[in-house]
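So the structure is just underneath, and the comments pick up after that.
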2 protein chains.
Amino acid sequence: MTMPKRDTYTPESLLAVAVEVFNERGYDGTSMEHLSRAAGISKSSIYHHVKGKEELLRLAISRALDGLFGILQEPEARDGRAVERLEHVTRRTTEVLMTELPYVTLLLRVRGNTDTERWAMARRRDFDHEVAELVKQAVADGDLRPDVDARLATRLLFGMINSIVEWYRPSRGGAATADEVADAVVRTAFAGLRI
Amino acid sequence: MTMPKRDTYTPESLLAVAVEVFNERGYDGTSMEHLSRAAGISKSSIYHHVKGKEELLRLAISRALDGLFGILQEPEARDGRAVERLEHVTRRTTEVLMTELPYVTLLLRVRGNTDTERWAMARRRDFDHEVAELVKQAVADGDLRPDVDARLATRLLFGMINSIVEWYRPSRGGAATADEVADAVVRTAFAGLRI
DNA sequence: TCTTGTCCCGACCGATCGTTCGGTTACTCT
DNA sequence: AGAGTAACCGAACGATCGGTCGGGACAAGA
């Protein structure tokens, strides 16, 4: 365990800066020049910490995926009635999305132009499929309405959750807290908007 | 009214090709070389039909926005109880999103890197605000649950609707039709997933 | 004080970016 | 047949892309 002798960048702290810029301008719309200006070091110095632009993307995406798949390992997501497990996954996914906001945002926006991006998309699909199984089971248990296709319902549910990255900004003191948003998501998704 | 003498590109038919590529690779990830290959004509020939890459984006976004704002002009969106108008806008937005899928997809993905993109984002916000007013009114009427903030509810609703562009593909014969999807969206959003 | 290794820099690389230009082909009209 | 023009092309433009390179500044251990 070595403490940094002067305050300098680590791959992690550089990643935090890079991810912010990626999310503002889009990954393809961000040049290494943009990153260097945002980080306050020269373009070539970035290569001292990371191998290149795509590694920054890979690191960010890995962090997001680790957070999401971690949810599926939690006891509340593995034991009990399917509909309860689904509610837990819904709430926790919303929470992870907000605590790891910039990383998950990046994950949700990859288009599949490189191997790294295609791998990210495949892992995301894996996660979605696991939740879709949960929905299917809950329908079979008679806990979810059977008149909406399970696959479609899963997609709409994730659509609602994932859209949080489009507007949630943790800084806003007056805005909703993570808990309040998670409550609203679970309530809206399961009970609906109407009275 | 002049008919094309040989089958050649018009700005509109070229736009259709370009938008497909934009959606596959992302706007910034698409080069004019990519477009020329997809269109089957040379890179320089594209400039005979349109002024440049950004004009293609502007044309596509305009088409999407026209479709969306057209909904707000429909009689069912202007007269009657707020909650009924909201349901109509929800259904019609879902439908327009699916019929104009590639154009709306592009609209939903702009990041604000150019004037054109910032204009698109501003217009989108205008649309969202008009719907948010509808939600607010429906809550005041006592037709929507008051325990979820109107602004938040609007965002979740649009999140659900807009996420359709991530998976809906009109070609699939076996998949859900536009009507079925619109039904499911309205039902899920207003009545919830649970029985 | 001298070496070692971390951290960073300016200069530069070949490739690719969006765009322009001069010219050729192919069709329509007279 | 000849003129006019819409559609297209290859070659090249300056700018910028992601990435490399040799070396300088600085701190820690000897």
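Within every chain, numbering begins at 1; the chains are lettered A, B, ... in the order of the sequence lines, protein sequences first and strands thereafter. Values in this document were obtained by computation on a predicted structure and should not be read as measured data.
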Write out a two-atom table: protein N or O, nucleotide N or O from nucleotides 13-16 of chain D, distance below 3.5 Å.
none

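On a pure distance criterion of 3.5 Å, a polar donor-acceptor pair joins the side chain of K43(A) and the base of dG19(D). Counting distance only, with no hydrogens placed and no angle test, the side-chain atoms of S44(A) and the base atoms of dG10(C) include a donor-acceptor pair under 3.5 Å.
Residues passing the side chain to side chain contact (heavy atoms under 4.5 Å, CB included) test with A191(B) are R145(A), sequence neighbours excluded. Remark: V17(A) pairs with Y9(A), A38(A), A39(A) by the side chain to side chain contact (heavy atoms under 4.5 Å, CB included) rule, at least two apart or across chains. The salt bridge (charged side-chain N to carboxylate O under 4.0 Å, His left out) test applied to R118(B) returns D115(B), not counting sequence neighbours. Listed by chain and residue number, Y27(B), T114(B), T116(B) satisfy the side chain to side chain contact (heavy atoms under 4.5 Å, CB included) test with E54(B) (two or more places apart in sequence, or in another chain). Applying the salt bridge (charged side-chain N to carboxylate O under 4.0 Å, His left out) criterion to E84(B), with sequence neighbours excluded, gives R194(A). For H48(A), there are no side chain to side chain contact (heavy atoms under 4.5 Å, CB included) partners two or more places apart in sequence or in a different chain.
For the pair S42(A) and dC9(C), the criterion of a side-chain N or O lying under 4.0 Å from OP1 or OP2 is met. Between T8(A) and dT6(C) there is no side-chain polar atom (N or O) within less than 4.0 angstrom of OP1 or OP2.
Contacts with DNA chain D (heavy atom under 4.0 Å) in residues 10-26 of chain A: none are found. Of the residues in residues 46-58 of chain A, those placing a heavy atom less than 4.0 Å from an atom of DNA chain D are Y47(A), G52(A), K53(A), in numerical order.
For residues 67-110 of chain A, the pairs satisfying ring-ring contact (aromatic ring centres under 6.0 Å, His included) are F69(A)-F127(A), with sequence neighbours left out. Applying the salt bridge (Lys or Arg N to Asp or Glu O under 4.0 Å) test to pairs two or more places apart or on separate chains, those with a residue in residues 64-80 of chain A are E74(A)-R92(A). Under the salt bridge (Lys or Arg N to Asp or Glu O under 4.0 Å) criterion, the residue pairs touching residues 29-46 of chain A are E33(A)-R37(A), with sequence neighbours excluded.
Taking atom CE of M32(A) as the reference point, atom P of dC17(C) lies 18 Å away to the nearest angstrom.
S36(B) comes within 4.0 angstrom of no nucleic acid atom, judged by non-hydrogen atoms across all strands.
Of all non-hydrogen atoms in R187(A) and D147(B), the two that sit nearest each other are NH1-OD2, 2.8 Å.
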